[in-house]
Amino acid sequence: QVQLVESGGGSVQTGGSLRLSCAASGYGYSTYNIAWFRQVPGKEREGVASIATGDGSAYYADSVKDRFIISQDKAKKTVYLQMNRLKPEDTAMYYCAAAGGRLWSSFALVEDKYLYWGQGTQVSVSP
């Protein structure tokens, strides 16, 4: 079992920045990917960024590439999502999730590869 707790959401204006944190506990940190997904009511959940916690390889959705950075602190078993140059369309509930193992690029942002989910943190970006 893996437990995940997100923090760091909030409200910012367009162009601002936020950093989300995802603290993991339980088995096997460094053996699986942790990713950030986001969801707007009425729409499907979208994969935003994923990191392989073993080797640090990162994968991004095109919509956030060059604006968001996913990173980790292995000692703290915590994954971060630094979100820069935020846009109103980034407004969503953000969830972190842990996969069952190491995922490569084709599957790194595929929702059904992730087994464990946090409760989410809201990000709101005003015009």
Answer whether the closest heavy-atom distance between the side chains of [X] and [Y] falls below 4.5 Å.
| X | Y | value |
| --- | --- | --- |
| M83 | L20 | yes |
| T14 | E89 | no |
| S25 | K77 | no |
| T91 | Q122 | yes |
| Y29 | V79 | yes |

If you look at every heavy atom in [X] and [Y], which pair is closest and at what distance?
| X | Y | result |
| --- | --- | --- |
| I34 | A24 | CD1-CB, 4.1 Å |
| N33 | S50 | ND2-OG, 3.0 Å |
| V40 | A92 | CG2-CB, 3.9 Å |
| Y32 | A99 | CB-O, 3.3 Å |
| L81 | A49 | CD1-CB, 4.0 Å |
| A35 | A108 | CB-O, 4.3 Å |

What distance separates [X] [atom1] from [Y] [atom2], expressed to the nearest 0.5 Å?
| X | Y | atom1 | atom2 | result |
| --- | --- | --- | --- | --- |
| I51 | S57 | CD1 | OG | 8.0 Å |
| Q1 | Y116 | CD | OH | 5.0 Å |
| C22 | I70 | SG | CD1 | 8.5 Å |
| S126 | Q13 | OG | CD | 5.0 Å |
| I69 | R67 | CD1 | CZ | 11.5 Å |
| L109 | D62 | CG | CG | 9.5 Å |

side-chain hydrogen bond (donor to acceptor under 3.5 Å, both in side chains) between T53 and Q72, worked out: CA-CA 7 Å; T53 55; Q72 65 175 336; 4.9 Å; no
Any ring-ring contact (aromatic ring centres under 6.0 Å, His included) involving residues 49-89? Give me the pairs, sequence neighbours left out, ordered by first then second residue.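 Applying ring-ring contact (aromatic ring centres under 6.0 Å, His included) to every pair that reaches into residues 49-89, excluding sequence neighbours, yields nothing.
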Residues D73, T78; criterion side-chain hydrogen bond (donor to acceptor under 3.5 Å, both in side chains); working and verdict: CA-CA 5 Å; D73 183 329; T78 298; over 6 Å; no
Less than 6.0 angstrom from the centroid, inside 45 degrees of the normal: does R102 satisfy that with respect to the ring of W104?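 Yes, a cation-pi geometry.
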Ring-face cation contact, Y95 with R45, 6.0 Å cut, 45° max: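 Judged by the rule, R45 and Y95 form a cation-pi pair.
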Tell me every residue that passes side chain to side chain donor-acceptor pair (under 3.5 Å) with S17, counting only those two or more places apart in sequence or in another chain.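 Counting only residues at least two positions away or on another chain, S17 forms a side chain to side chain donor-acceptor pair (under 3.5 Å) with N84.
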So does K87 pair up with D90, basic N to acidic O under 4.0 Å?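 Looking at D90 together with K87, the answer is no, because their closest N to O distance does not fall below 4.0 Å.
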Is a salt bridge present between R85 and D66, judged by a nitrogen-to-oxygen distance below 4.0 Å?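 No salt bridge links R85 with D66.
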Given 3.5 Å as the limit, does a donor-acceptor pair link the side chain of E6 with the main chain of G120, or not?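 Yes; judged by distance alone, with no hydrogens or angles, the pair exists.
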As a quick check of understanding, evaluate side-chain hydrogen bond (donor to acceptor under 3.5 Å, both in side chains) for E46 and S63, giving each step before the final call. CA-CA 10 Å; E46 174 192 18; S63 57; 3.2 Å; yes
Is there a continuous path of hydrophobic side-chain contacts, each under 4.5 Å between heavy atoms, that joins L103 to L4?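 L103 and L4: separate clusters.
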Are L115 and V48 connected in the hydrophobic side-chain network, where two residues link if heavy atoms are under 4.5 Å apart?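 Both belong to a single hydrophobic cluster.
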Please step through side chain to side chain contact (heavy atoms under 4.5 Å, CB included) for the pair Q39 and Y94, ending with a clear verdict. CA-CA 7 Å; Q39 190 170 27; Y94 282 71; over 6 Å; no
Atom CZ of F107 with >12 non-hydrogen neighbours under 6.0 angstrom: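 Not more than 12 within 6.0 Å, no.
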Taking everything shown except K76 itself, do over 12 heavy atoms lie less than 6.0 Å from its NZ?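 For K76, atom NZ is not crowded (no more than 12 foreign heavy atoms under 6.0 Å).
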Listed by chain and number, what are the ring pair (Phe, Tyr, Trp, His ring centres under 6.0 Å) partners of Y114, not counting sequence neighbours?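 By the ring pair (Phe, Tyr, Trp, His ring centres under 6.0 Å) rule, Y114 matches F37.
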